[in-house]
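Please read all numbers here as calculations on a predicted model, not as lab measurements. Just so you know, residue 1 is the first one in the sequence shown, and it goes up from there.
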Amino acid sequence: MKITSTSCICPVLVCLCFVQRCYGTSHHSSIKVTRNQTKHIEGETEVHHRPKRGWVWNQFFVLEEHMGPDPQYVGKLHSNSDKGDGSVKYILTGEGAGTIFIIDDTTGDIHSTKSLDREQKTHYVLHAQAIDRRTNKPLEPESEFIIKVQDINDNAPKFTDGPYIVTVPEMSDMGTSVLQVTATDADDPTYGNSARVVYSILQGQPYFSVDPKTGVIRTALHNMDREAREHYSVVIQAKDMAGQVGGLSGSTTVNITLTDVNDNPPRFPQKHYQLYVPESAQVGSAVGKIKANDADTGSNADMTYSIINGDGVGMFSISTDKDTREGILSLRKPLNYEKKKSYTLNIEGANTHLDFRFSHLGPFKDATMLKIIVGDVDEPPLFSMPSYVMEVNENAKVGTTVGTVLAQDPDSANRVVRYFIDYNAEEDRFFNIDANTGTIKTTKVLDREETPWYNITVSASENDNPALLSHVTVGIRVLDVNDNPPVLAREYDIVVCENSKPGQVIHTISATDKDDFANGPRFNFFLDEHLPVNPNFTLKDNEAAAAPSPSRSVPARETGACGPAVQKPSCRRLA
């Protein structure tokens, strides 16, 4: 290309673009270059100045996901130096040159040989050059241009976080927000409606709704009751192309569970109950259970039980099992079938955690009547006394009656009672008992001085049920009789001084008796009449002596005893 002095036209490589939009329209743009101006395509402003040598480019577009049998036409490179004689060679370098994009080096036509994905790569940067085939010298400076991948609606909206699990309180107001879901669309949000998503509900009506623009799910009914239905599976759809026909869609599932609130009072299944309790039940033991049902769960179903009235208020108490929510009935006092055969209790069950929003649903408590039937139990015989004390004289004849015990059947049947004495195998048996009358008699002669007290155990059983026993302790005191003579407390060896004066006390003697105090002291002392009398000594009974000591010895003084001499005496032992 020659440049004359009268011409200021620079050689220009013109890019003829093949533009494709999302609806498949294509445009071939040709550029006419005149002196001193650069023409921009598609409404770009005209700039009037002397351009530098170089290329003037318009952006190329290539439609993504092209599936045609022939390569997709992208655009055309052209230099104003090209006279159409084939002397100009066009060269393409850069991203995808020679693999994705090929150029006809004679015509400058660019084609795309592969199907492209905008979501993987949005554009390619390439370089164009025009050279003289004969000299292999560049006719234009190398210039950079961009081929942009044009978006089509080839991606459906996706919910990346689903499926969802969410809860909402039962009885919530209509329109209560449950969850906001969001779908993403990989298509170009800046071009057309390919990425413009609209939400709709496919499953879950009429219970829930979804905002088409924001994806916020809300309750759509008043008073949704967990006790009627607890779980809901809601399917939400997101559709691109602003929801128009032909748009792509994706869906997700939202599993919604209604959480419990205390909107149900406790209720006893029956208004009257009956409970059997044997009279043998132990005080403090649990004798029965009762339960009120509550349709709520967790703490909303917690309750306490109480006895509000009835003739058994003092006989029974009730507590609450926190795990089973049952009322545990316990016995406070012993039962006696023969005295009272039944009791009546009015029992109340009341919630402990109230929600005042639902107080209009009624009192959150309920009451029922419980009748307790006391069961007759075959009880062992009952002795008339908790223990017995009896007396019998020692040396009494074998078979002497000591006393009688009495036991009766406390049951209404009043069965015949039999008695017997519990003996250890090695124990001597001094007593027996009449099995029918309970009379205790001696089987051996008793000696108080050997055994003053006996403790025996008498058992009683019903004649028809010998295994049912009761026991009582019988203490038998052996009474003393005067069957032991007094004896001197010890052997006496008396020494008397030969110079003792008449009337002087030379010794005091004492005696003991094995018998009881009533049959022992006081003692009378005297000399044996069958022995010769010694005129030198006398024995005097000390009648004025003090009361006997615990050893039951009584002092006696012998008349004529002598006291200690002033001088050393000359003494001799009495024979």
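Between I456 atom CD1 and N432 atom CG the span is 9.5 Å, to the nearest 0.5 Å. Here OG of S285 is found 10.0 Å from CG of L329. Values are rounded to the nearest 0.5 Å. Between F159 atom CZ and T182 atom OG1 the span is 8.0 Å, to the nearest 0.5 Å. Taking OG1 of T252 as the reference point, atom NZ of K158 lies at 13.0 Å (rounded to 0.5 Å). Separation of atoms NZ (K341) and CG (N336) is listed at 9.0 Å; rounding is to 0.5 Å. Atoms CE and CZ, from M224 and R229 in turn, are 7.5 Å apart once rounded to the nearest 0.5 Å.
Using modelled atom types and a 3.5 Å distance limit, the side chains of N264 and D296 yield a donor-acceptor pair. Between the side chains of T257 and T167, no donor-acceptor pair of N or O atoms lies under 3.5 Å.
In this structure, R218 does not pair ionically with D173, as no charged nitrogen and carboxylate oxygen lie closer than 4.0 Å. A salt bridge links R477 to E391: one of the charged nitrogens lies within less than 4.0 Å of a carboxylate oxygen.
Residues P206 and A220 come closest through the heavy atom pair O-CB, 3.2 Å. K333 and V283 make their closest contact through C-CG2, 3.6 Å (heavy atoms, listed as atom of the first residue, atom of the second, distance). Listed here is the closest heavy atom pair of A407 and F383: CB-CD2, 3.7 Å. Across all their heavy atoms, R448 and L479 have their closest contact at CD-C, 4.0 Å.
The side-chain hydrogen bond (donor to acceptor under 3.5 Å, both in side chains) check on K339 picks up nothing, with sequence neighbours excluded. Legend: residues meeting side-chain hydrogen bond (donor to acceptor under 3.5 Å, both in side chains) with N293, ordered by chain and number and at least two apart, are absent.
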Requested in this report: Check the pair R415 / D378 against salt bridge (Lys or Arg N to Asp or Glu O under 4.0 Å), numbers first and verdict last.
Outcome: CA-CA 10 Å; R415 295 183 177 90; D378 193 4; 3.6 Å; yes

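Residues in residues 297-314 take part in these salt bridge (charged side-chain N to carboxylate O under 4.0 Å, His left out) pairs, two or more places apart or across chains: D302-R325, D311-K340.
Distance alone, capped at 3.5 Å, places no donor-acceptor pair between the Y207 side chain and the V234 backbone.
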